[in-house]
Amino acid sequence: MIIVDTALEAREREGRPIRVALLGAGFMSRGLANHIVHTTPGMRLVGVFNRGIGRAVDLCAYVGIPDPATPSTQREVDLAISEGKTVATGDAMTLARSSEVDILVDVTGSVEFGARVALEAFRHGKDVLLMNAEIDATLGPIMQTHAARHGVIFSACDGDEPGVQINLYRWVKGLGLTPRVIGNVKGLQDPYRNPTTQKSFAERWGQNPAMVTSFADGSKISFEQAIVANATGFTVRARGMSRGLEYKDDVMKIGSLYDIDELRRLGGIVDYVVGTPLTKVFVLAEHPDPKQQHYLNLYKMGEGPLYSFFTPYHLVHFEVPAAIARVVLFRDHLARPLGGPVVEVCACAKRDLTAGEALDDYGMYMTYGEAVSADEMCAKRYLPEGLVEGCVLKRDIPKDAVITYHDVMLPPERLADQLRAEQYRHFRGETWLEELVAVPAS
């Protein structure tokens, strides 16, 4: 968004920077914090949360803040920020409640924790920006309703694939075309990867092996494409989308993979492929006007009917300040759901699973996620991949089978389960999950 730079420069001149607090002090947070502190005018890093406060302090040192404040009370947090200090804390709620914070950026990847902090932030008039696709894909629609009640924004961000895809989608629509496919491109797809197989890659780049695994096993791209689907009304052709279809030809010819009549009938789809060179995301669109088709052909877009538009990269944390400014200064949502879920992410067994086992989290050893239509998700009562951790299996589950709510005992008193039950009731009039959550595990 080109107007963002001038708006931020104006805030810098006025001495009214946007006050940003980060939830999480890992790899992406470090890059984002460094960018805000050193190269983003009109923005100030005022707080960093991490469960182990030492990592928050370390992040501050990494970006050149040698002596962050480490207050223990709400009053001390507010006072420290008002005095121009950056706060490092192990209590995220103090940042969510602080009158000295304009926006929280969630970089945790946690659904349960993220929901609790976001709801507290809403109650205190605070916007929340997500580098946390998992919560957006799992609870995004109902979280939007809570945010709207408080007049705040709960938004995806530039840089992450959902934001990059929606930016391209909006631009293509602005040209007068009708998008039919919104696609993502991966370099690798293997649902059986785990933190052991991804350990060396993670160590090389200083990343979390579980997060790297979620990229490789397809869970992350499923979360991302669910967000895009829910923001556009597009669906999937089948559970799992392409499941790693390899396409290494020219991106301008990628439309050959799709049947336009099917795309029209479905109203548009989200998808992904593996290995397309020089491409990160793409939009395939058609134009109904033969006169404009003639111009598109002249402009080297081909004869149609599907015209290919693409972005060659996504720069993750480098683009996040643009999203912060869009939310705070222009009240612009990125990838806001149109209503209830259209696509969700179900949990599949990564190996044969045994009754009595407690499931580990996404990106680990036991499950991977697949994008699936919300109708199928609800009708078959699939367990969401974003909420697998801590569920105890009631029966054996074979490798690659989808896990359902009937297969597990849920952890007690999880807010995220209550929110999903509310989401089904609010958008679909379905009460089965509400009734299930109300029954204590036995």
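Remember, predicted model here, so these are calculated numbers, not experimental data.
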N/O donor-acceptor pairs under 3.5 Å from side chains in residues 171-190, not counting sequence neighbours:
unit_1: R180; atom_1: NE; unit_2: E286; atom_2: OE2; d: 2.7
unit_1: R180; atom_1: NH2; unit_2: E286; atom_2: OE2; d: 3.0
unit_1: N184; atom_1: OD1; unit_2: K280; atom_2: NZ; d: 2.7
unit_1: N184; atom_1: ND2; unit_2: E224; atom_2: OE1; d: 3.4
unit_1: N184; atom_1: ND2; unit_2: Q225; atom_2: OE1; d: 3.2
unit_1: K186; atom_1: NZ; unit_2: L188; atom_2: O; d: 3.1
unit_1: K186; atom_1: NZ; unit_2: Q189; atom_2: OE1; d: 3.2
unit_1: K186; atom_1: NZ; unit_2: F215; atom_2: O; d: 2.5
unit_1: D190; atom_1: OD1; unit_2: Y192; atom_2: N; d: 3.1
unit_1: D190; atom_1: OD2; unit_2: R193; atom_2: NE; d: 3.0

Identify each donor-acceptor pair in which a side-chain atom of residues 113-121 lies under 3.5 Å from a protein atom, sequence neighbours left out, and give them as a table.
unit_1: R116; atom_1: NE; unit_2: E112; atom_2: OE2; d: 2.9
unit_1: R116; atom_1: NH2; unit_2: E112; atom_2: OE2; d: 2.9
unit_1: E120; atom_1: OE1; unit_2: R123; atom_2: NE; d: 3.2
unit_1: E120; atom_1: OE1; unit_2: R123; atom_2: NH2; d: 2.8
unit_1: E120; atom_1: OE2; unit_2: R97; atom_2: NE; d: 2.7

If you look only at distance, which donor and acceptor atoms sit under 3.5 Å apart when one is on a side chain in residues 299-307 and the other is two or more places apart or in another chain?
none

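D360 meets the salt bridge (Lys or Arg N to Asp or Glu O under 4.0 Å) test with no other residue; sequence neighbours excluded. Applying the ring-ring contact (aromatic ring centres under 6.0 Å, His included) rule to H35 yields the partners F318; only residues at least two apart in sequence or on another chain are considered. The ring-ring contact (aromatic ring centres under 6.0 Å, His included) search around F223 returns Y362, not counting sequence neighbours.
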For I227 and L130, what are the C-alpha separation, side-chain angles and deciding distance, and is it a side-chain contact (heavy atoms from CB on, under 4.5 Å)? CA-CA 12 Å; I227 294 167; L130 300 171; over 6 Å; no

Chi angles and distances behind the side chain to side chain donor-acceptor pair (under 3.5 Å) call for T89, D91: CA-CA 5 Å; T89 179; D91 183 356; 5.6 Å; no

side-chain contact (heavy atoms from CB on, under 4.5 Å) evaluation trace for Y258 with D271: CA-CA 11 Å; Y258 301 97; D271 200 13; 2.7 Å; yes

Please lay out, stage by stage, how D160 and V316 fare under the test side-chain contact (heavy atoms from CB on, under 4.5 Å). CA-CA 5 Å; D160 260 1; V316 199; 3.9 Å; yes

Verdict with reasoning, D400 to Y368, per side chain to side chain donor-acceptor pair (under 3.5 Å): CA-CA 9 Å; D400 293 321; Y368 61 89; 2.7 Å; yes

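To the nearest 0.5 Å, the span separating CG on L32 from CE on M28 amounts to 10.0 Å. A distance of 10.5 Å separates CZ of F282 from CG of L168, quoted to the nearest 0.5 Å. Taking CZ of F27 as the reference point, atom NE2 of H317 lies at 8.0 Å (rounded to 0.5 Å). S222 contributes atom OG, which lies 8.5 Å from atom CD of E385 (distance to the nearest 0.5 angstrom). Q165 CD to H314 NE2: the interatomic distance, rounded to the nearest 0.5 Å, is 10.0 Å. Considering CG of L359 and CE of M366, their distance stands at 5.0 Å, rounded to 0.5 Å.
Side-chain atoms of V327 and V128, non-hydrogen and from C-beta on, never get closer than 4.5 Å to each other. For the pair P162/D136, no side-chain contact is recorded, criterion being any heavy-atom separation below 4.5 Å from C-beta on. Side-chain contact between I403 and V388: absent, with no pair of heavy atoms (C-beta onward) separated by less than 4.5 Å. Looking only at side-chain heavy atoms (C-beta outward), I135 and F154 come within less than 4.5 Å of each other. Here the side chains of P384 and E344 are not in contact, with every heavy-atom distance at 4.5 Å or above. The side-chain heavy atoms of V236 and V372, taken from C-beta on, include no pair separated by under 4.5 Å. In this structure the side chain of T138 never reaches within 4.5 angstrom of the side chain of L419, judged on heavy atoms. A heavy-atom distance below 4.5 Å is not found between the side chains of L139 and E422.
S308 approaches V251 most closely through the heavy-atom pair OG-O, 2.8 Å. Nearest approach of D158 to V320, heavy atoms of both residues: O-CG2, 3.7 Å. Between V48 and G24 the shortest heavy-atom distance is CG1-O, 4.2 Å.
Ionic pairing of R243 and E370 is present here: one or more N-O contacts between side-chain nitrogen and carboxylate oxygen are shorter than 4.0 angstrom. Contact check on D417 versus R420 returns no salt bridge, with no Lys/Arg side-chain nitrogen under 4.0 Å from an Asp/Glu carboxylate oxygen. A salt bridge links D102 with R19: at least one charged nitrogen is closer than 4.0 Å to a carboxylate oxygen.
Atom CG of L278 is surrounded by 12 or fewer heavy atoms from other residues, nucleotides or ligands within 6.0 Å.
Side-chain contact, Y382 with E376: a donor N or O sits under 3.5 Å from an acceptor N or O.
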